[in-house]
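Scroll down for the structure; my scribbles are underneath it.
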Amino acid sequence: MDEIARMGRVRATMVHHPYYEDFILSWASRALTDERGYDRAAARTCARVPRWPDIDLRFTPQQGPYSDITSVLNADTALGRPHELYVAYADNLYPEDHPFSRLRSMGGGTSVIARPYNRAEAPNRGVIVCDRGFMVDLVEKPDEFTARGLEHEHGPDALVLLEGRARADRSFLDFLWTYRPDRAMEAKLSLALSAYARTHPVRVCRISSSVTDLGAPAR
């Protein structure tokens, strides 16, 4: 929420699985929209002013096949099909950076956040092949053999790891509404971006700050 608030006055929707409806109704919708509800719920000293006064936040139960593409399309509908949409995965946090601000500063079009390539992390990430700051290909969660092949073909400096922030313009959003992956493939946003990048520019914004992945296995 703090990251979104840095963008100024915005409309936002939190797309959630219907399983979490009780949690949304009983806690999240109150804590995140009430002026001082978050501070009270977190047992913190209440701020003198609303914590996020410029965010018009709504909650949207996910409808359709379970996938991140479905979440983006649900948000697109809930927000009235805007000319652009910023996408955030809630389990990725960037405490030392401002990825939305970085994406906004890149100008129009569709763009993604990425960080330096690391072969050890490649099996759990989308690996982007870049050329002069644009995506030319993306391989989702390559095994070590495939990762070595990408390094040999393109060089490690041309590879980056896809992160959980994206800026989708109207052209890409319209593409998503018609996107149909191969039956053997999951309908993932990363793979749709890869398909879109074959005929449209997708900018890659590199960051080197740390990321907190709440979905990563505990060590």
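- The local environment of OH in Y20 is sparse, with at most 12 non-hydrogen atoms from other residues, nucleotides or ligands closer than 6.0 Å.
- When only modelled atom types and interatomic distance are considered, N74 and T60 share no side-chain donor-acceptor pair under 3.5 Å.
- The closest side-chain heavy-atom distance from R148 to R119 is below 4.5 Å.
- From D137, atom CG reaches atom OG of S194 across 4.5 Å, with rounding to the nearest 0.5 Å.
- Cluster annotation: L79 is connected to F172 through the hydrophobic network of ILVMFWY side chains, with a link wherever side-chain heavy atoms come within less than 4.5 Å.
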- Show the numbers, then the answer: is there a side chain to side chain contact (heavy atoms under 4.5 Å, CB included) between L73 and L173? CA-CA 8 Å; L73 296 180; L173 292 168; 5.6 Å; no
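- Smallest separation of non-hydrogen atoms from A75 and L85: CB-CD2, 4.2 Å.
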- Checking side chain to side chain contact (heavy atoms under 4.5 Å, CB included) for the pair E163/V211: CA distance, chi angles, key distance, verdict? CA-CA 9 Å; E163 282 296 316; V211 55; 3.6 Å; yes
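- Side chain of T70 to main chain of Y66: no donor-acceptor pair is present (N/O by atom type, distance under 3.5 Å, no hydrogens or angles).
- For the pair L25/F59, no side-chain contact is recorded, criterion being any heavy-atom separation below 4.5 Å from C-beta on.
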- Please report the C-alpha distance between E121 and R115 in whole Å, then the side-chain angles of each, then the deciding distance to 0.1 Å, and finally whether the salt bridge (Lys or Arg N to Asp or Glu O under 4.0 Å) criterion is met. CA-CA 11 Å; E121 296 183 71; R115 59 192 176 95; 2.6 Å; yes
- For the pair D157 and Y117, evaluate side-chain hydrogen bond (donor to acceptor under 3.5 Å, both in side chains) and give the outcome as yes or no after the intermediate values. CA-CA 8 Å; D157 291 343; Y117 173 76; over 6 Å; no
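- Of the inter-residue distances, the one linking L191 atom CG with I69 atom CD1 reads 7.5 Å to the nearest 0.5 angstrom.
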- Task: Please test E153 against V129 for side chain to side chain contact (heavy atoms under 4.5 Å, CB included), starting from the C-alpha separation and ending with a verdict.
- Result: CA-CA 10 Å; E153 181 178 359; V129 181; over 6 Å; no
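- Screening R102, R104, M106 against S111 for a side-chain contact (heavy atoms from CB on, under 4.5 Å) leaves a single residue, M106.
- When all heavy atoms are compared, the tightest approach of A147 to P142 is N-CB, 4.1 Å.
- Proximity of P123 to E144: side-chain heavy atoms (C-beta onward) are nowhere separated by under 4.5 Å.
- A cation-pi arrangement is absent between R165 and Y86, since the terminal nitrogen or guanidinium carbon is not both under 6.0 Å from the aromatic centre and inside a 45° cone about the axis.
- Across S71 and V15, no two heavy atoms sit closer than the pair O-CG2, 3.5 Å.
- Listed here is the closest heavy atom pair of L162 and S190: CD2-CB, 3.6 Å.
- V204 and V136 fall into different hydrophobic clusters, where Ile, Leu, Val, Met, Phe, Trp and Tyr side chains are chained together by heavy-atom contacts under 4.5 Å.
- In terms of heavy-atom proximity, L193 sits nearest to M135 at O-SD, 3.9 Å.
- Taking 4.5 Å as the limit, some side-chain heavy atom of E140 sits within range of a side-chain heavy atom of K188.
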- Message: side chain to side chain contact (heavy atoms under 4.5 Å, CB included) for L176 and V72? Distances and angles first, verdict last.
- Response: CA-CA 9 Å; L176 276 185; V72 173; 3.8 Å; yes
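- Remark: R167 CZ to I113 CD1 distance equals 11.0 Å, nearest 0.5 Å.
- Within the 6.0 Å centre-distance limit, the rings of H200 and Y196 are counted as a close aromatic pair.
- The side-chain heavy atoms of L214 and N92, taken from C-beta on, include no pair separated by under 4.5 Å.
- Between R125 and D213 there is a salt bridge, with a side-chain nitrogen of the basic residue lying less than 4.0 Å from a carboxylate oxygen of the acidic one.
- A salt bridge does not link E84 with R170: none of the charged nitrogens is closer than 4.0 Å to a carboxylate oxygen.
- With L138 as the fixed residue, the side-chain contact (heavy atoms from CB on, under 4.5 Å) test singles out one of I128, V202, V127: I128.
- Within the 4.5 Å cutoff, the side chain of E3 has heavy atoms near those of the P99 side chain.
- Atom CH2 of W52 sits about 6.0 Å away from atom CG of D2, to the nearest 0.5 Å.
- The shortest heavy-atom contact between Y94 and G164 is OH-N, 3.0 Å.
- Here the CD-OG distance, from E96 to S208, works out to 9.5 Å after rounding to the nearest 0.5 Å.
- Using a 4.0 Å cut-off between charged nitrogen and carboxylate oxygen, R58 and D56 count as a salt-bridge pair.
- Contact check for R203 versus F134: side-chain heavy atoms found under the 4.5 Å cut-off.
- Under the 4.5 Å side-chain contact rule for hydrophobic residues, I55 and L93 do not share a cluster.
- Under the 30°/60° scheme for interplanar angles, the aromatic rings of F23 and W27 are found to lie parallel.
- In summary, the side chains of D143 and T146 do present a donor paired with an acceptor at a separation below 3.5 Å, with no hydrogens or angles considered.
- Taking CG of D169 as the start and OG1 of T110 as the end, the distance is 3.5 Å to the nearest 0.5 Å.
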